Amino acid sequence: MDKITFTIDGQKITADKGMTILEAALENGIYIPHLCYHPDLEPVGVCRLCMVEIEQRGLFTSCNTPAEPEIAVRTETPEIEKVRRVTAELLIVNHPFDCLICEKNTNCELQKIAHFIGIDEEHINKMRKPERILPIDTSNPFFIYDPNRCVLCGICVRTCRNTVSISTLDFMDRGYNSIVSTFGNKPILESRCVSCGECVARCPVGSLKPKETPIPSREIKTTCPYCGVGCGLILGSRGDKIVSSRGDIENPINKGQLCVKGRFGHEFINHPERLTTPLTKKDGLFVETSWDEALELIADKFSHYNGDQFVALSSAKCTNEENYIMQKFTRAVMGTNTIDHCARLCHAPSVAGLAQSFGSGAMTNSINEIQYTKSIFAIGTNTTSAHPVIAYKIKNAVKEGSKLIVANPKEIDLCEFADIFLQHRPGTDVALLMGIMKVIVDENLYDRDFINKRCENFTDFKSSLDNFTLDFVERITGVHRDKIIQAAVTYATHKPGMLFYAMGITQHTHGTDNVLATSNIALLTGNIGKPSTGVNPLRGQNNVQGACDLGALPNVYPGYQKVDVPAIKQKFEKAWNCTLSEEPGLTHTEIFDSILEGKIKVLYQMGENPVISEANASHVIKAIEQLEFFVAQDIFLTETARYADVVLPASSFAEKDGTFTNTERRVQRVRKAIEPLGESKPDWQITCEIAKRMGKEGFDFTHPVQIMDEIASLTPSYGGISYERLEYHDLQWPCPNDTHMGTPILHSESFATASGKGKFMPLTYKPSFELPDDDYPLILTTDRSLYHFHTATMTRKGGLVKLRDRELVEINPQDAEELGLTNAQLVKVISRRGVVKSQIKITDVSQKGVISMTFHFAESPTNLLTNDAIDPVAKIPETKVCAVRIEKV
Amino acid sequence: MMIKINNEIKNFKIDLLTKWRENGALIPLLQSAQNSYGYIPEIAIHYISEILGVPSAEIYGVITFYSQFHTKPLGKYVIKICEGTACYVNSARQILKMLKNELRISVGETTDCGLFTLQSVACLGCCSLSPVIMINNKTYGRLTPEKVNTILKQYRKD
């Protein structure tokens with residue numbers, strides 16, 4: 001970075017070229033009063049308080065005047081003092097004087113300015129206008145808007161417009177009556193506000209402020225427990241309570257930004273419904289018991305069953321260390337490979353598909369590369385709801401000129417920013433992508449050079465494209481051919497281009513094919529192995545990447561080392577000092593079948609809720625009821641835990657140390673903020689206790705740091721990861737040794753396949769397993785609400801409920817009219833597998849013939865309806881498409 | 001960008017659309033909406049927002065900045081009371097007070113029956129007739145509260 005030098009008040013200042021005078025001054029410890037400046041936002045110079053004089057030029061607002069070499073800046077002259085005083089006084093006379101009862105007291109920019117310039121009380125009192133009392137907006141569950149304290153700096157308006165691209169707020173009215181308000185001056189809860197709280201975090205005065213504002217007595221850096229983005233979080237605590245949370249500006253991913261769940265969704269931690277003592281079921285009722293008794297019972301029961309009769313369900317919510325321990329327990333103690341977790345229900349096809357084409361099943365590139373990309377192809381991802389902070393970045397890239405192609409059966413929020421929106425029918429992704437690729441090939445827009453040098457199997461793939469004529473693709477997908485051509489040309493000619501996908505691609509009986517289609521298009525356009533390109537599966541859970549990496553899967557040890565390779569088996573047998581099974585275990589979906597067949601008799605489950613999350617849930621319930629012994633380890637008594645024989649209270653992410661691996665393979669620390677609640681224990685400790693009581697060695701850990709060391713010694717891709725290094729470095733796997741700095745971009749030299757080349761995969765179009773017919777004429781697809789997470793175990797414990805409190809079946813106005821339904825009417829949604837009652841929401845976000853539901857609400861368990869037909873390769877059930885009908889209640 | 005033409009919006013003249021899809025088109029479109037409806041309904045704001053890519057909240061800010069734009073339907077008769085210097089010294093305040101009492105509304109509001117809207121303006125340009133009010137396009141000067149009462153009665157009868 002080029003440096004320049006100039007003087008402020010005669011003092012020599014060195015600054016980066018391009019810095020404003022104010023930034024240079026603040027960085028050098030010189031205070032210039034300012035109100036409308038915020039380091040995250042473009043300066044606008046509207047508060048007029050940061051006046052400085054550049055010698056021989058005159059007065060300038062320092063926040064938007066670039067520092068130039070050799071200028072002489074003065075921050076104090078009689079003229080500056082006069083201008084600044086009038087401006088400040090005009091703000092202060094209209095501002096309440098009750099600082100002591102204001103939450104921003106001691107942390108308020110206006111207070112700081114008043115203090116700095118010195119206020120003459122008599123003078124101010126003379127100028128004071130009769131009080132104008134505007135109503136305070138308390139509608140939002142998390143924050144208050146008090147217009148009486150507003151200084152009209154516009155930081156909230158700019159934050160909402162430029163940072164999160166929602167544009168809820170703006171200046172209304174004029175002159176003395178100007179206020180910041182929402183469209184139509186409505187309460188914030190009724191506006192388009194998404195409650196991310198970014199404006200609240202930036203408000204320089206006490207106008208926008210959180211409802212709960214205790215000052216924490218200590219703060220700790222950790223990682224958000226919601227989605228796979230992995231935002232850095234600073235949790236504040238007092239005593240044994242979490243009282244605040246804010247974004248970590250030093251975190252490379254979110255740089256301080258958060259979404260509504262990350263910022264406000266932590267009420268679950270200290271919630272009274274948390275499990276605090278072990279429970280055992282006696283005569284159908286849970287009774288509290290001691291740890292000793294519970295663990296003895298479990299150790300005794302477990303030792304009476306052999307490997308094939310045991311199954312472990314691990315958790316993408318738990319830390320890497322806990323998943324490692326869980327799979328070690330399953331393999332080394334119980335002698336089976338039957339361990340799986342909810343990745344089976346979300347990204348199993350990504351792991352299976354990308355392993356075939358690229359050799360490694362993870363996001364190929366990194367989140368921060370979004371800002372430099374020229375085109376973004378988002379297919380089957382409702383990014384704004386499921387990965388909000390990535391959505392902020394996508395929207396900002398679009399504003400910087402990147403093209404955005406959205407392919408989704410629903411008109412999702414991102415469409416507002418899209419250049420091209422392809423609204424295809426659910427389950428027709430292969431046809432759509434192959435159609436686009438055919439256009440790219442026919443128009444000669446593919447990257448020959450890249451294909452020749454770095455890929456294989458192109459000829460076979462190319463001939464498989466012949467079936468995907470525009471006529472065919474248009475008929476199957478319902479997308480007009482012009483749009484398909486437009487999308488093809490845009491993605492192929494605006495490089496580098498990043499492709500993002502999520503569950504819209506994977507949750508199909510042809511999910512692996514869908515994933516392969518995305519890898520084909522990246523190879524075809526040479527969009528892989530370079531910055532700002534890649535195939536980027538957005539992982540849903542905070543640590544679903546880590547749970548897969550650490551071997552909570554039935555066919556691989558940590559680091560995707562296959563269980564059926566003798567050399568690898570021997571390596572682990574030696575390390576763990578035991579005999580291991582070489583037979584891959586059963587997957588999530590197969591497990592419940594096996595229980596019903598009477599083969600599996602014992603289930604040990606950590607942090608999962610399959611009764612709500614598994615497709616065709618009644619099948620799961622039937623299976624669970626048939627178990628001989630069921631141990632559930634969780635932070636709440638979930639819908640599934642209620643069926644357990646023993647329930648063990650686990651500690652939440654705030655009560656333990658560990659690591660999460662986010663969607664871009666970044667390993668990040670989770671740090672203990674408070675002591676475990678009640679008698680609860682971290683999951684790793686519980687599993688180790690059971691193993692020790694069963695007389696097994698290799699579980700004598702006293703801290704997760706030791707577990708991570710063992711992980712590093714056995715997992716090549718985590719070889720260079722240690723707690724010590726994570727203190728100073730941002731590490732993304734593969735990170736094979738102590739000097740390696742991690743790998744932000746995969747496949748840049750060669751692919752991880754056997755040949756080192758990226759493999760094109762010929763594909764055919766396969767329809768979804770269950771298509772609409774006369775009896776079940778509608779397609780049901782599933783999606784997510786921004787305000788809830790997964791089965792809502794964590795999010796239905798506080799204010800988030802006020803933002804969304806029930807299931808709403810989204811239905812197109814035409815379908816609603818044909819069925820004679822009105823908005824908010826209660827209906828029965830019926831599939832071949834179940835019936836669910838819910839209210840409807842009539843909206844043209846849904847296309848005709850397609851309805852959508854979330855699965856957050858246990859009273860309307862959507863997964864009673866969904867289809868458990870599975871992808872033959874990845875064994876993922878088809879939760880995105882099933883046939884239903886709607887009846888009035 | 002998708003444009004959803006709602007049934008309600010069909011009578012809003014948008015033939016200007018292609019010509020105006022650029023910066024600076026906001027105010028002409030707002031004027032066009034107001035000419036079509038007599039005020040600017042919410043749906044029209046959302047529609048314009050979609051056409052121009054300007055956030056609805058920002059458009060609402062522009063509408064509330066200009067007193068010529070209205071977000072609620074105006075009454076059949078718009079009463080403008082002059083509060084300019086000449087009228088002010090000739091007891092315009094008394095007339096205003098009387099109008100407020102009689103119509104049971106404040107400045108900027110419309111009566112429940114939808115008959116009258118009361119507005120205050122700075123000068124109507126006929127100071128020699130002060131105090132003055134204007135009802136739609138007709139001017140009434142040298143007013144007294146009694147005179148105003150008679151005028152209102154007439155309009156109510158019509």
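Per chain, numbering begins at 1; letters A, B, ... match sequence-line order. Given the structure is predicted, the values throughout are model-derived calculations rather than measurements.
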Max heavy-atom pair count under 4.5 Å with chain B, selected residue of A:N185, A:T182, A:T168: A:N185
In terms of heavy-atom contacts, does [atom1] of [X] have more than 12 from other residues, nucleotides or ligands at under 6.0 Å?
| X | atom1 | value |
| --- | --- | --- |
| B:K80 | NZ | no |
| A:K209 | NZ | yes |
| B:N101 | CG | yes |
| A:K403 | NZ | no |
| A:K848 | NZ | yes |
| A:E400 | CD | no |

Contacting region of B:T71 [heavy-atom separation from chain A under 4.5 Å]: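 Contact with chain A involves no heavy atom of B:T71 at all.
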Any side-chain heavy-atom pair of B:E42 and A:F183 under 4.5 Å: yes
Side-chain heavy atoms of A:E416 within contact of B:E50, under 4.5 Å: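 Counting from C-beta outward, A:E416 and B:E50 never come under 4.5 Å.
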Heavy-atom closest contact (B:T64 atom, A:D173 atom, distance): OG1-N, 2.8 Å
Heavy-atom closest contact (B:A57 atom, A:M172 atom, distance):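 What the structure gives for the nearest pair is O-CE, 3.3 Å.
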Per-residue contact mode, A:R192 against chain B (heavy atom under 4.5 angstrom):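 For A:R192, no heavy atom lies under 4.5 Å from chain B.
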